[in-house]
Amino acid sequence: MDNSFFNRLLPKEKKFFPLLKKISDVLIATSEIMIDCVQCENHQSVVEYYKKIKEKEHEGDFLSNKVFDELNKTFITPFDREDIHDLANKLDDVVDGINSCAKRIMLYNPKKLPEDASKLAKLINKSAISIGKAIAELDVLKKKPAMIKEYCRELHDIEHEADDVYENFIINLFENEKDGIEIIKLKEIVSELEKITDIEEHVGKIIQTIIVKYS
Amino acid sequence: MDNSFFNRLLPKEKKFFPLLKKISDVLIATSEIMIDCVQCENHQSVVEYYKKIKEKEHEGDFLSNKVFDELNKTFITPFDREDIHDLANKLDDVVDGINSCAKRIMLYNPKKLPEDASKLAKLINKSAISIGKAIAELDVLKKKPAMIKEYCRELHDIEHEADDVYENFIINLFENEKDGIEIIKLKEIVSELEKITDIEEHVGKIIQTIIVKYS
Amino acid sequence: MDNSFFNRLLPKEKKFFPLLKKISDVLIATSEIMIDCVQCENHQSVVEYYKKIKEKEHEGDFLSNKVFDELNKTFITPFDREDIHDLANKLDDVVDGINSCAKRIMLYNPKKLPEDASKLAKLINKSAISIGKAIAELDVLKKKPAMIKEYCRELHDIEHEADDVYENFIINLFENEKDGIEIIKLKEIVSELEKITDIEEHVGKIIQTIIVKYS
């Protein structure tokens, strides 16, 4: 136990944990707004949702920059530094991905987003919640590697589910949509949604690496 | 000689070499199936080829995960760790790229793939064979840096050849294909084929870095 | 001062600084050619501009390979090695991005590039100049962290400006261009221009990391 990840580094690394937790909270909140955004059929409301997501993205940036600043100021081993840096960075990539996708929806203004977009936004949110739980378990007092592995497995399963939704969407799109411009718009938006679940799965892989090294 | 890459680390690193060789074998086998896949005009057969490629991709994943697990368990210097990790990772990226491209062909179901797709699949296979030879030369007993450099040069040349094929394809596509939806499909598929040769060249760069450091 | 980045490492690292400066000079020259390239309406001249840019890209490759070779030969700490490697690599990515975009313009041969393409090329050049100034300040004798931070802030601001130009372009494109094939061509070209300013901002982030660590 004394050799576990955050314990071993305490109190020096104590400051990183709450920051990572906060970034995952920002991610969950952002993914919730995204569900509303893809289901919304009114362009003005899409613009509003995008603005809210953008604010969240700024919060995420602020927090991950704080992590990077602290890392540069704190003397820790290159390995620990790299792990914390990767985790903060990849969490930020998820929030950035959601922001970029919401912006695309606003700019492209497609006629109507398919039901599959809504399914994907819900999967992104589901993964965000699993990430939040996994990071909470990295906490000093309640760390349970078995639980963390389970959350990371969930991220893997959700990513596969998102793959299936995307495949189904593409087959339907090319079969049924005859407007080339609408195809361009919808394909890019839905593909970007699917890729967000890939990044979320990647977050899980980084957390698992930490678990393997320090448990 | 005692200071050479695998020698110096033996017997600790002996276990990594056969795994890397196995991944390169998986890559060669996958690239062979891809040649058949892009030449096939029957959608049901494309689905079958994709399934075979997917199986290979799972094999590749299994092997590279084994490398990562071993790396996390083995005490070696960060530098060696990083090199082996990068090599396994990038080899896996090539197999993933082929898998992703085969899936796209299956999902997009274009009317007909151009001859250039077939040329690119053959170049991917040719690079895969060069990678296999370079990795075989990394072996303890028969390591010959000059040979390895030659194989890496081949990867570079093949990538340039693939660039030319792609350029020729794009010019023809925009000049002759008037169906916007078919343009979207073909451009993405052929572009993805070309990018696989980029990743294969990158594998060569990682191998060269290893040679520079440890020879 | 004796503990500052290049001082501390002198004379061992003295050789890296002039190389990095040369790469930034190549970048500035490349970005200047790009301004002419996007404003040119004659296809044969576009081909000529592309050839000039390609030569610059080879120069950049040659210089960054020299940095990598020197890094592999020079004994320095992993951290310094990583920073110099990242900086040379990312500078090279900017030049590659410009080269790739010029090639795309040549291959796609769109009817006419919009005014926004020209605005973006000028922003790319403006960022290249700020990068050149920041790298000049990393120099041993005249290093001024406050100035460097200012140049990096400029890169950030220019990237935001480029975002706005791109957004405006996309809205206009989907509203006014009814030719699906032209949409595909223009969207890819202009999107690639915008992404170059992202990479330039990233160069600024790497420089800032160096400043934080070594000042």
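No hydrogens, no waters, no symmetry mates; every other heavy atom, side chains included, goes into these values. In this text the structure is predicted, and so the values were computed from the model without any measurement. In the text below, chain A, chain B and the rest are named by the order of the sequence lines, each starting its count at 1.
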**Student:** Would you compute the distance between atom CG of C:D69 and atom OG1 of B:T209 and round it to the nearest 0.5 angstrom?
**Tutor:**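 Result: 9.5 Å between the selected atoms.
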
**Student:** How long is the gap from CE on C:M106 to CD1 on B:I170, to the nearest 0.5 Å?
**Tutor:**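 Answer rounded to 0.5 Å: 11.0 Å.
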
**Student:** Flag yes if more than 12 heavy atoms outside C:K185 fall under 6.0 Å of its NZ atom; otherwise flag no.
**Tutor:**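 Enclosed: over 12 neighbouring heavy atoms sit under 6.0 Å from NZ of C:K185.
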
**Student:** For atom NZ of B:K103, is the number of surrounding heavy atoms from other residues, nucleotides or ligands below 6.0 Å larger than 12?
**Tutor:**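 Check passes, neighbour count above 12.
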
**Student:** For B:K126, does the NZ atom have more than 12 heavy-atom neighbours from other residues, nucleotides or ligands under 6.0 Å away?
**Tutor:**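 Counting other residues, nucleotides and ligands, NZ of B:K126 stays at 12 neighbours or fewer.
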
**Student:** What distance do C:L107 atom CG and B:N172 atom CG have between them, rounded to the nearest 0.5 Å?
**Tutor:**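 Reported value, rounded in 0.5 Å steps: 11.0 Å.
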
**Student:** Do other residues, nucleotides or ligands put more than 12 heavy atoms under 6.0 Å from the NZ atom of C:K54?
**Tutor:**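 Check passes, neighbour count above 12.
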
**Student:** Atom NZ of residue position C:K21 - does it have more than 12 heavy atoms of other residues, nucleotides or ligands inside 6.0 Å?
**Tutor:**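 Enclosed: over 12 neighbouring heavy atoms sit under 6.0 Å from NZ of C:K21.
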
**Student:** Heavy-atom cut-off 4.5 Å, strictly under: side chain, backbone, both or neither for C:Y108 against chain B?
**Tutor:**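 For C:Y108, the contact with chain B is made by backbone and side chain together.
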
**Student:** Which answer fits C:E188, side chain, backbone, both or neither, if we ask what part of it has an atom under 4.5 Å from a heavy atom of chain B?
**Tutor:**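 The side chain, not the backbone.
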
**Student:** Kindly give the heavy-atom pair with the smallest separation between B:K187 and C:I184, and that separation in Å.
**Tutor:**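 In this case the closest contact between B:K187 and C:I184 is CE-CG2, 3.7 Å.
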
**Student:** For B:E177, which atoms come within 4.5 Å of any heavy atom of chain C: side chain, backbone, both, or neither?
**Tutor:**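 The backbone, not the side chain.
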
**Student:** Roughly how far, to the nearest 0.5 Å, is the CG atom of C:N109 from the CZ atom of B:F174?
**Tutor:**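 Answer for the CZ-CG pair, B:F174 versus C:N109, is 10.5 Å.
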
